[in-house]
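Read through the structure below, which is laid out as C-alpha cells, and then see the notes.
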Protein chains: 2
Amino acid sequence: MSVQITPAELEIMKIIWARPGLGASEIAEALTDQQDWTIKTIKTLLTRLVEKGALATTSEGRRFLYTPKIARKTYQKTAASQLVDRLFNGRAAPLVAQLADARGLSEEDIAELEALLGRLKS
Amino acid sequence: MSVQITPAELEIMKIIWARPGLGASEIAEALTDQQDWTIKTIKTLLTRLVEKGALATTSEGRRFLYTPKIARKTYQKTAASQLVDRLFNGRAAPLVAQLADARGLSEEDIAELEALLGRLKS
DNA sequence: TTCTGTTGACGACATTTGTAGTCGATCCTA
DNA sequence: TAGGATCGACTACAAATGTCGTCAACAGAA
C-alpha cells in the first residue's frame, strides 16, 4: 500500500511540494489564506506525515525543515489511478467525459490533450 | 457539501447502481466475490448510506429494497472534480497525462478521447 | 540574567469509519 | 405450533482523522 494521505494532510503536502524545506511556522504562514488552523494543528499533521513516511525532516538548530519524501507526481498518479479504478472501471475516457460535462474543459486542456493523444499514437 | 461516501460504502453503492432495488441479503450475495463482509457489516453500511441520503428504501414485506438517491454519474462528476481541484489545480490534461504515464491508455480510451475532443471543438 | 516566545514531544478528545454483536419481532419449516 | 432463521433498530468498539492543549527545553530580548 502506498502511503495514505488524508485531505487535511494533503494541504500541508501541497505547500511543501511547492516550496520544499520550510519549517512549521513558515508552513503555517503559507496556509493562513486557505486554512484556519492553529500552529498546533499544523504541527500534528506534520508529525503524522513524517510518521507515515510522506515527509522527511532536517534539523536546523532546534527546529525541523520538512521536505517531501513522496513526489507530487507519484502521489498524483496513485490518486488518479485509484479514482479511475474505483469509480470508472479503470477507464480514462469516461472520467474525462464526466469532467467535461461537469465543468467543461479549457482551451488549454483541449490543446494539451490533443498533443498527448498525438504523442501516444505515434 | 455533497454527500460524502466512504470507500466501503462505495462498494455498496456500486452494487446498487448496477442493480437498483436489491435487498440487503442480495447485496451481500453480490458482494461475496469482492468483499469479505458479514451481512451485519453490510446492513450497517446500508443504514449509514440511507442516513446520508445516498440511498432510498422501499418496504417490501418486512424488508427494505434499496435504490440510489444519488446517481452514479452525479457522484462520478463530484469525485472527479474534487480530485482535479485538490491535486491538479483544476486542470484535466495533467490528470490524463499522469494516468497515461502511470498505466497507459487503452486503444479504446484513446479513440474515445479523440471523439470527445472532436465534439468539444465543434 | 530574567522573562517571554517558540519548538518538538506527548497527550487529549470528539467524530468518522470499518467491522461486528445484541435484541425483539416476524416468518418459515418441520 | 414450536423452534430456528431473518429483519431492521440499536449498540459496541478500535483505528483513523481533525483539531487542539500541556510541557519541558531553549533562544532571543530587555
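Proteins come first, then strands; the chains are lettered A, B, ... in the order of their sequence lines, and each starts at number 1. Scope of the values below: all heavy atoms of this structure, side chains included, with no hydrogens, waters or symmetry mates.
With rounding to the nearest 0.5 angstrom, the CD atom of B/E26 is 10.5 Å from the CD1 atom of B/I16. For the atom pair A/W37 CH2 and A/T32 OG1, the distance stands at 12.0 Å (nearest 0.5 Å). With values rounded to the nearest 0.5 angstrom, B/L55 atom CG is found 7.5 Å from B/I27 atom CD1.
For B/K40, the side-chain contact (heavy atoms from CB on, under 4.5 Å) partners two or more places apart in sequence, or in a different chain, are B/T38. A/R72 pairs by the side-chain hydrogen bond (donor to acceptor under 3.5 Å, both in side chains) definition with nothing, not counting sequence neighbours.
Between the B/K52 side chain and the B/Q4 main chain, a donor and an acceptor come within less than 3.5 Å of each other. A donor-acceptor distance shorter than 3.5 angstrom exists from the side chain of B/T47 to the backbone of B/K43, with no hydrogens or angles considered.
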When every nucleotide of nucleotides 25-30 of chain D is labelled 5' to 3' by its protein contacts under 4.0 Å (heavy atoms), B for base, S for sugar-phosphate only, - for none, what sequence of letters results? BBS---
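B/I27 places its CD1 atom 15 Å from the C1' atom of D/dT6, with the value rounded to the nearest Å. What separates CD of B/E51 from P of D/dG8 is a distance of 14 Å, to the nearest Å. Computed from coordinates, the A/R48 CZ to D/dT19 P distance equals 10 Å when rounded to whole Å.
Other residues, nucleotides and ligands place no more than 12 heavy atoms under 6.0 Å from the NZ atom of A/K69. Heavy atoms from other residues, nucleotides or ligands lying under 6.0 Å from CD of B/E29 number 12 at most. Within a 6.0 Å sphere centred on CG of B/D33, other residues, nucleotides and ligands contribute more than 12 heavy atoms. A 6.0 Å sphere centred on CD of B/Q34 holds more than 12 heavy atoms belonging to other residues, nucleotides or ligands.
Residue-level contact check: B/T47 touches neither bases nor backbone, having no heavy atom under 4.0 Å from any strand.
Taking every heavy atom of residues 33-43 of chain A and every atom of DNA chain D, pairs under 4.0 Å involve A/W37, A/T38, A/K40, A/T41, by number. The stretch residues 4-18 of chain A has no heavy atom under 4.0 Å from DNA chain C, so no residue of it qualifies as close.
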Candidate pair A/D85 and B/R103, rule salt bridge (charged side-chain N to carboxylate O under 4.0 Å, His left out), full reasoning: CA-CA 11 Å; A/D85 285 336; B/R103 49 198 286 157; 2.8 Å; yes
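Protein chain B touches strand DNA chain C; the 5'-most and 3'-most nucleotides with an atom under 4.0 angstrom of its non-hydrogen atoms are C/dT17 to C/dC27.
Applying the side-chain contact (heavy atoms from CB on, under 4.5 Å) test between B/E9 and each of B/T44, B/L46, B/L45 identifies B/L45 as the sole match.
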